[in-house]
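One structure is given below, encoded as structure tokens.
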Amino acid sequence: MRFRRVELLKKLCALAAVAMLIVLTAATVVEKYCGTPYVVRHVYGAGWFAVLWGVLASASAAYMMRRRIWKRPAVLLLHAALLVILLGAGVTWAFGRQGTIHLRTGEEGRTIADGDGAAEELPFGVRLDDFRVEYYPGTRAPMDYVSRLTFTLDDAGTAGEVSMNRIFKLRGYRFYQSGYDADGEGTTLRVTYDPWGIGITYAGYALLLAAMAGFFFEPKSRFRKLLRHPAWRRGTLSLLLLLAASSAFSRPAALPTSLPRETADELGRLHVCYQDRIAPLSTVARAFTTKLCGKNRYRRYTPEQVAAGWLFYYDDWKREPMIRIRNAEARRVLGIEGDEARLTDFNGAAAERILSGNAGTLGDAGEKFNLVSMLCGGSMLRIFPYADPADGTLHWASPVDDLPRDLPHEQRLFIRRSMNYLTELALRGDYAAMSDVLRKIRTYQVKVCGEALPSAMRFEAERLYARLDSTLPLALFFLLVGLAGYFHLCRRMVRGLPECRTVSRAMDGALAAGFVFQALLLVLRGYAAGHWPLSNGFETMQFLACCTLGLTLLLRRRLALLRPFGCLIAGLALMVSVMGESNPQITPLMPVLASPLLCIHVMLVMVAYALLAFALLNGATGTLLCLARRDEEAERLAVVGRLMLYPAVFFLAAGIFVGAVWANVSWGRYWGWDPKETWALITLLVYAAALHGDSLPCFRRPLFFHLFCAAAFLTVLITYFGVNFLLGGMHSYAG
């Protein structure tokens with residue numbers, strides 16, 4: 001009878017979990033077409049959804065008690081923590097309140113409005129004393145939004161300040177910066193009241209972190225048993241993959257005229273205001289070259305020489321076939337056979353169609369034409385700072401921008417004529433005089449801007465990063481090394497030979513060099529940007545590659561298979577990072593992202609993704625070995641896969657909950673059912689199922705386990721890419 005009850009509880013848990021996964025998946029799709037308010041009202045905020053969570057939690061708790069889980073303290077604490085988190089979420093759902101309040105300077109308000117427009121009276125008054133936008137030095141890029149407030153309570157005033165990632169609390173109410181009026185005289189604050197739910201949820205997070213740490217040290221945990229398994233100690237082999245080769249050819253042709261490398265380098269050392277930040281002009285040159293021809297160099301020319309060529313020798317460069325046109329329709333309109341166009345191809349009706357507003361089917365050909373026009377016309381070169389005579393505000397001007405009429409005459413002439421003089425010197429070939437003028441412009445920049453300019457070390461770090469970064473070649477290198485490693489291991493396996501130490505050492509050297517180089521690039525990019533480089537898709541993929549290489553170096557002696565796996569995953573991550581753009585520009589960090597919790601959140605999730613990617617390749621290998629009836633090797637890989645899943649799931653869980661804390665500090669709620677959040681939860685639930693081999697015997701069968709690991713990675717792909725490109729949401733970025 002007891003056995004039957006346990007089985008019924010297990011089936012109820014499984015059914016509730018599957019139902020939850022189906023509901024969450026369907027909700028993200030429905031949200032795409034019906035909007036967020038619809039799914040919030042009919043799914044996430046509905047009573048039946050809370051009941052479903054309650055059934056899942058209650059059935060799980062009862063099942064754990066029937067299985068006498070208290071005999072395993074770490075496992076008990078882990079599941080208890082999850083129940084506490086659910087309890088906190090339930091309390092927030094049942095008793096929490098939230099809304100917004102809009103204030104103008106000097107105005108006092110006492111009511112907040114919820115999402116449906118219903119008003120709620122506050123037990124105190126709130127007056128906006130001042131609102132200001134703080135900018136990054138020397139630019140107009142927002143660094144923070146700050147509201148200074150006075151709270152009227154019992155005829156007494158209490159001063160408070162609210163900004164991004166800095167909340168103000170009073171009598172259980174929490175105030176968050178949410179928006180502001182275009183004229184800078186008003187602010188919108190998000191207000192939440194949740195005196196119990198947040199505390200309970202945070203207690204659950206703390207218990208969860210303690211349980212996950214304890215799980216790795218509990219002697220009887222399944223993870224410790226797997227560590228003692230012979231398969232982990234002896235290592236295993238891999239599968240046969242096909243090697244693909246690509247060939248490149250060069251086209252001999254005369255080089256267009258440009259500046260000598262030393263003079264072009266002087267040009268690159270100028271400061272420029274670009275994308276709301278002060279950067280080296282070499283950064284702009286690199287972005288221009290990459291956008292135009294798909295790589296950061298052109299033939300033997302550096303990016304600075306390419307930009308200088310277009311600036312000073314336009315007639316030569318307009319006939320150079322260097323504008324890469326990927327869109328087939330755009331190539332047909334331009335009348336070119338290959339994928340490289342000249343600027344002179346943009347003429348007549350072709351140019352009119354390419355540049356028209358209805359050219360959506362023609363790719364980015366028009367954007368590239370406009371980019372050349374902006375550089376050659378001078379509007380891209382905002383290299384001349386000046387203080388506004390009216391209020392002293394620092395501005396950056398290009399040689400063709402309108403200048404204040406009361407700007408000193410000498411300064412106006414310097415801004416207007418410097419580039420024309422440089423062009424004259426370039427055409428005369430007087431490069432020494434050009435270098436002198438460029439140094440004078442740089443001296444002018446330092447004199448006008450002073451401390452608003454980035455430090456010399458940060459400036460040089462960005463220039464070094466621009467010279468060193470070569471993501472695409474590095475990606476191809478790791479992909480080829482990984483494929484060659486697979487091929488080599490397969491041959492050794494077929495012939496029954498032991499691992500070749502020479503090959504292993506060579507791969508170790510490649511992994512170590514790649515890790516050091518990738519880490520250096522991340523450090524340089526982060527230092528140049530002034531924040532951790534984890535704010536967009538490009539940077540997170542770069543960090544994933546670095547994590548993968550580091551994990552491979554740590555674990556390579558345990559499993560020969562990890563060396564080629566690590567190379568392949570790192571290569572693929574780097575390749576993905578350059579799909580949208582070879583190197584997205586370093587930009588000022590959005591105020592909401594300026595939190596150390598963001599860095600911890602992204603790091604934890606990227607480590608989890610790296611381990612899950614290992615599990616994917618491991619599962620694909622194990623599946624083929626099972627089909628080939630190599631049962632012993634398949635079992636060994638299953639042990640390795642399970643060992644990878646435990647830290648992967650725990651890192652993912654920790655990353656999700658650190659992200660929830662960050663969201664609570666920044667946005668006023670620790671969980672908002674954004675599609676990215678929802679799919680992260682789906683991924684966690686799917687992979688967590690594989691850790692329950694005692695309850696789910698199917699996961700103890702190697703073939704099923706390997707197939708699961710290979711298929712489950714689809715949830716990771718949807719979480720990272722599918723949400724970004726298909727479902728949208730607050731977390732979407734395709735950088």
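These numbers come from the heavy atoms of this one structure, side chains and all, not from hydrogens, waters or symmetry mates. For the single chain, residues carry numbers from 1 onward in sequence order.
Taking the ring-ring contact (aromatic ring centres under 6.0 Å, His included) definition, one finds that Trp671 meets it with Trp673, sequence neighbours left out. When the ring-ring contact (aromatic ring centres under 6.0 Å, His included) test is applied to Tyr38, the partners found at least two apart in sequence or on another chain are His42. Thr25 meets the side chain to side chain contact (heavy atoms under 4.5 Å, CB included) test with Trp679, Ile682; sequence neighbours excluded. In this structure, the side chain to side chain contact (heavy atoms under 4.5 Å, CB included) partners of Tyr193, at least two apart in sequence or on a different chain, are Arg97, Tyr173, Pro195. Evaluation of the side-chain hydrogen bond (donor to acceptor under 3.5 Å, both in side chains) rule for Glu31 yields Thr36 as partners, not counting sequence neighbours. By the side chain to side chain contact (heavy atoms under 4.5 Å, CB included) test, Ala710 is found to be paired with Leu616, residues two or more places apart in sequence or in another chain being considered. Under the rule for a side-chain hydrogen bond (donor to acceptor under 3.5 Å, both in side chains), the partners of Gln518 that lie at least two apart in sequence or sit in another chain are Gln542. Among residues two or more places apart in sequence or in another chain, the side-chain hydrogen bond (donor to acceptor under 3.5 Å, both in side chains) test is passed with Arg700 by none. Residues that satisfy the side chain to side chain contact (heavy atoms under 4.5 Å, CB included) test with Cys13, not counting sequence neighbours, are Ala59, Ser60, Tyr63.
With 3.5 Å as the limit, one finds no donor-acceptor pair spanning the side chains of Thr28 and Thr678.
Interatomic distance, Leu627 CG to Leu707 CG, rounded to the nearest 0.5 Å: 7.5 Å. In this structure, CG on Leu87 lies 13.5 Å from CH2 on Trp53, to the nearest 0.5 angstrom. Note that CG of Leu52 is 3.5 Å distant from CE of Met20, once rounded to the nearest 0.5 Å.
Put simply, the side chain of His601 never gets that close to the backbone of Trp662: no donor and acceptor are under 3.5 Å apart. Between the side chain of Gln177 and the main chain of Gly179, a donor-acceptor pair closer than 3.5 Å is present. No side-chain donor-acceptor contact under 3.5 Å links Lys169 to the backbone of Phe175.
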Let me check something: any side-chain donor-acceptor pairs from residues 640-649 under 3.5 Å, sequence neighbours excluded? List them with distances.
| residue | atom | partner | partner atom | Å |
| --- | --- | --- | --- | --- |
| Arg642 | NH2 | Phe699 | O | 3.0 |

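What you find for Thr552 and Leu511 is that their closest heavy atoms are CG2-CD1, 3.6 Å.
Listed by first and then second residue, the side chain to side chain donor-acceptor pair (under 3.5 Å) pairs that reach into residues 196-210 are Thr201-Tyr670, Tyr202-Asn664, sequence neighbours excluded.
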